[in-house]
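Being a predicted model, the structure only gives us computed values, none of them experimental. All values below were derived from every heavy atom in this structure, side-chain atoms included, with hydrogens, water molecules and symmetry-related copies excluded.
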Amino acid sequence: MENEKVLFDTLDARKYILIKGAKVNNLKNLDVAIPRNKMVVVTGLSGSGKSSLAFDTLFAEGQRMYVESLSSYARQFLGRMEKPEVEYIRGISPAIAIEQKVNTRNPRSTVGTTTEIYDYLKLLFARIGVTYSPVSGEEVKKDTVTDVVNYIIGLPENTRLLLLAPLLLHNGRSLGEELSILLSKGYNRVLKNGETVEIETLLADDHADPEAEYRILVDRVVVKHDDEALQFRISDSVQSAFFEGDSVCITEIPGGEHRIFSDKFERDGITFEVPSINLFSFNNPYGACKRCEGFGKVLGIDPELVIPDKSLSVYEGAIAPWRTDKMSEWLKPLLANGIRFDFPIHRPYKDLSIAEKDLLWNGNQYFTGLHDFFDDLERQTHKIQYRVLLSRYRGRTVCPECRGSRLRKDASYVKINGHSITDLVLMPVSETGAFFRALSLPDYQEKVGKRILTEIRKRLRYMERVGLGYLTLNRLTSTLSGGEFQRIKLATSLGSALVGSMYILDEPSIGLHPRDTRQLIGVLESLRDLGNTVIVVEHEEEIMRAADQIIDIGPNAGSHGGELVFQGDWEKIQSLENSEAPELARSHTISFLLGKDTVPVPKLRRKMRDFIEIKGVSENNLKGLDVRFPLGLLTVVTGVSGSGKSTLIRKVLYPALMRSRGEFNDDLGKFTELSGSLHRIEAVEMVDQNPIGKSSRSNPVTYIKAYDYLRQAMADQPLSKSRGYKPSHFSFNVEGGRCEICQGEGQVKIEMQFMADLYLTCEACSGKRFKQEILDVKYKEKDITEILTMTVDDAIAYFQDSDKKLAEKLKPLQDVGLGYVQLGQSSNTLSGGEAQRVKLASFLGKGNVSRGKTLFIFDEPTTGLHFHDIKKLLDSINALVDQGDTVIVIEHNMEVIKSADWIIDLGPEGGDKGGNLTFAGTPEEMVLLTDNHTATFLKEKL
């Protein structure tokens, strides 16, 4: 042991990041040497201490060292910015963390703004975009003095030329008054209907005819090449002509051609905006679409509500508002005259051509269209019945003016190679990438845009490489899944192409189909090859195989973890297969990787009896799907990234079920019919990865309602009764017993204007969250803070004999694999996967009134779970199914897919190439498929 310490101390900090004696959270005096400029995977059971090592130790120290290099304003907090609890860390690089953060809810945040691609696009269009008139389609140009001078100097030597400006009457002056002012300015001649006339002559003889065309003769020029003095004179004269002619200057060769130059940005009688960054910014009132104010959606008539069932024809009553006796008066002219303009009144609405659908909305001379019908209702909104009728068909619809791009209409007149910024943000990233790769520009534009184009191409390439080529730049960040959002942050970090940094990633494979994981590995390797140290906290087998080194923390979770169980590469793991090495017995990871410990395949699959069916699903990229979901079974919805899984479940099925139960949901995806045994479902629960509780004081025990029992138990103690303490004294949500300095949070937030806010331990209560007198009260020899800092496993073991009821209330948390979490751990420190499993635990408790009649939807519940913990999770989910509930899981993890009763697979690819139902059936039926991505990986598991 002594030898190992000596060896560790002699390692070179230029080759390794050396962490000595780490004791953060549950780490037990850990020594680890991480090779620099390599891809290192840190793995281990959930709660074993991986994140404590990667984020709370390495990243925290990297951030602290960065802040130390900042200004004195920043450093005033440094005395309090806590150093991780380690003996020393050497060889650390600037650290960048890409964590699983629940994505933003900002309605203006898009994929383009998050990745910064949109900022470069704005700059590119402002610098080299060409404006075209929507009337003639011709280029809009603004002539400068230089343009006119270059034209004149470019004429043949000795060409005689007149420089003119139109004579305009200003401020209501007469022609005579205007001529007198020109004379006083030093102008002597004008052209009257093309003839040169002296101004004095016109004034003296009173020959000024107001009907004639007059032009001011500003200068006469004889073209001489290489005459610098002449060029200066011409440029002065041109400037004078622009001034006198209100931005218009005319050149005329006597007896030859004449040209009109204008320094106004106009064409076809329209004055256009000169392209600027603000013109393309939807977060700026100048550039935002006036109709939707930059949100991309407006409250208008929703076509989905007007024509809810697209399988009906106009004759059968497809148009919902025209079904009543009174409103059918609007329909009669269409039915009577449809034959005159060849309109198919008996054809289902979904089979009508685009032109025929437009005709329904716009009308013609024979009948009034839907737009005019709703305009008529708008004019009668003083009557309540019409207000009610209108409200039935109103919804949030894509803004018709900006097509959902959020920009003012004239921003789309500016184009590069025939494409406007609106076109580019509405294309999938893969198409936008192809456009920029093939983009060829004239020399001047290429020079101006070279640096910007490099950044755009690079960032788009990384977006494709992290498997997000199917997204559009206009897609709202709030509609992305957790995995997509994290990979967007990864692409943004890659785009900045830093060198010599330390990237720490938290499970980048979340939300990725095994096929897409291979692409991700390539991205991580390129990040390493640039000269960075890439540290990945990960459970994905494929990524472990690709790593230069694997560090396994364990052997178990919580207080039974925090040790270095194994360190080495994939070859070293394989060499252990037939050995008696101690790592093999202690490391759950190695047991799984070598196939010695697996999630068993279920012996029997449950059979489908009842089902619900949703038909005609056509939201986003889904292509009119009809999908059956079995009831009382475990169904897994899978498919490659971007195939439409989240859209089908989160945007269509869940809101549709909620609406069928009378619980109105604002945003409902497009479908035609929801049918089946709906009476069997009493409750629908979406168990997603959003945080539990809005407050940072919320925690696992409050969420599963175990804290109410604990507070009552504390208040029942003799000391509490003698001092008059009520259960509320043991709550940190109300005044009384909590520390008022930190308001029961145990931490004080310090806002840092230039980086993420700092959370520092409260100095008043030393992080204990309660006043000292409250801590005098003991229950089973422990005060409230000591109980809240216990892990779930430790608390169950401690109270197993003395308080069975409390142990029983905590048991669901242990069952879902959260035994390592502290009872009072703040909800904002839980990952998305952990928050989701706390919600699952709350349903496993005995208080669920709709037990056996609930439909649960889980969005990637294996997030953050080690193989070993997936077994526990599957036991918990199967417990719900066994009590009669229905579980639908969106998942890519093969261990979960092979355990399903029913699989629904979407694809075959992502984005436009996805959105089809490629398979529905049992895992055994699925592996018979030959051309299915999921089936390929499932074969290895069954």
[atom1]/[X] to [atom2]/[Y] distance, rounded to the nearest 0.5 angstrom?
X: I98; Y: I488; atom1: CD1; atom2: CD1; result: 12.0 Å
X: T517; Y: R545; atom1: OG1; atom2: CZ; result: 13.0 Å
X: L855; Y: F629; atom1: CG; atom2: CZ; result: 9.0 Å
X: L512; Y: R518; atom1: CG; atom2: CZ; result: 12.5 Å
X: H866; Y: D869; atom1: NE2; atom2: CG; result: 7.5 Å

Given side chains that start at C-beta, do those of V792 and L818 come closer than 4.5 Å, heavy atoms only?
no

Would you say L473 and Y118 make side-chain contact, with heavy atoms under 4.5 Å?
no

Under the criterion side chain to side chain contact (heavy atoms under 4.5 Å, CB included), I'd like the reasoning laid out for V821 against T791: C-alpha separation, chi angles, the key distance, then a yes or no.
CA-CA 5 Å; V821 169; T791 64; over 6 Å; no

Which one of L27, I92, V24, I34 satisfies the side chain to side chain contact (heavy atoms under 4.5 Å, CB included) criterion with I19?
I34

I'd like to know whether V687 forms a side chain to side chain contact (heavy atoms under 4.5 Å, CB included) with I857, so could you lay out the CA-CA distance, the side-chain angles of the two residues, the decisive distance to 0.1 Å, and finally the verdict.
CA-CA 6 Å; V687 188; I857 296 171; over 6 Å; no

For the student: nearest non-hydrogen atoms of [X] and [Y], plus distance:
X: G910; Y: Y470; result: C-CB, 3.8 Å
X: E619; Y: G669; result: OE1-CA, 3.3 Å
X: M463; Y: I117; result: CG-CD1, 4.0 Å
X: P84; Y: E61; result: CD-OE1, 3.3 Å
X: P508; Y: V536; result: CD-CG1, 3.5 Å
X: I504; Y: A54; result: CD1-O, 3.3 Å

Pairing donors with acceptors under 3.5 angstrom, does anything connect the side chains of [X] and [Y]?
X: T934; Y: H513; value: yes
X: S876; Y: D815; value: no
X: D688; Y: Q836; value: no
X: D529; Y: S526; value: no
X: N932; Y: D905; value: yes
X: S93; Y: R36; value: yes
X: D552; Y: S587; value: yes
X: E538; Y: T43; value: no

Assess whether a salt bridge exists between E940 and K898, defined as any Lys/Arg side-chain N lying under 4.0 Å from an Asp/Glu carboxylate O.
no

With distance as the sole test, does [X] use its side chain to make a donor-acceptor pair with the main-chain N or O of [Y] at under 3.5 Å?
X: K572; Y: Q549; answer: no
X: D901; Y: L634; answer: yes
X: T114; Y: T110; answer: yes
X: H588; Y: H868; answer: no
X: R465; Y: L520; answer: no
X: D516; Y: G467; answer: no
X: T57; Y: S52; answer: yes

Report, as yes or no, whether the 6.0 Å neighbourhood of atom [atom1] on [X] holds more than 12 heavy atoms from other residues, nucleotides or ligands.
X: K871; atom1: NZ; value: yes
X: K872; atom1: NZ; value: yes
X: K839; atom1: NZ; value: yes

Does R586 form a salt bridge (charged side-chain N to carboxylate O under 4.0 Å, His left out) with E563? I'd like the steps, not just the answer.
CA-CA 11 Å; R586 294 183 77 213; E563 298 172 41; 2.8 Å; yes

Passes salt bridge (charged side-chain N to carboxylate O under 4.0 Å, His left out), E464 versus R459? Steps please.
CA-CA 9 Å; E464 290 181 69; R459 281 169 156 77; over 6 Å; no

Measure the acute angle between the ring planes of F867 and F592, then classify it against the limits of 30° and 60° as parallel, tilted or perpendicular.
parallel

Would S827 and N699 satisfy side-chain hydrogen bond (donor to acceptor under 3.5 Å, both in side chains), going step by step from the backbone distance to the final call?
CA-CA 5 Å; S827 65; N699 55 45; over 6 Å; no

Take N25 and D56 through the test side-chain hydrogen bond (donor to acceptor under 3.5 Å, both in side chains) and record every step on the way to the result.
CA-CA 8 Å; N25 297 340; D56 302 340; 3.0 Å; yes

Step-by-step side-chain hydrogen bond (donor to acceptor under 3.5 Å, both in side chains) determination, E891 to T862:
CA-CA 8 Å; E891 191 54 87; T862 59; 3.0 Å; yes

Can N532 and N37 be said to form a side chain to side chain contact (heavy atoms under 4.5 Å, CB included), step by step?
CA-CA 5 Å; N532 296 300; N37 301 345; 5.7 Å; no

Please lay out, stage by stage, how F858 and I888 fare under the test side chain to side chain contact (heavy atoms under 4.5 Å, CB included).
CA-CA 6 Å; F858 289 92; I888 297 171; over 6 Å; no

side-chain hydrogen bond (donor to acceptor under 3.5 Å, both in side chains) evaluation trace for Y820 with Q825:
CA-CA 11 Å; Y820 59 89; Q825 191 170 330; over 6 Å; no

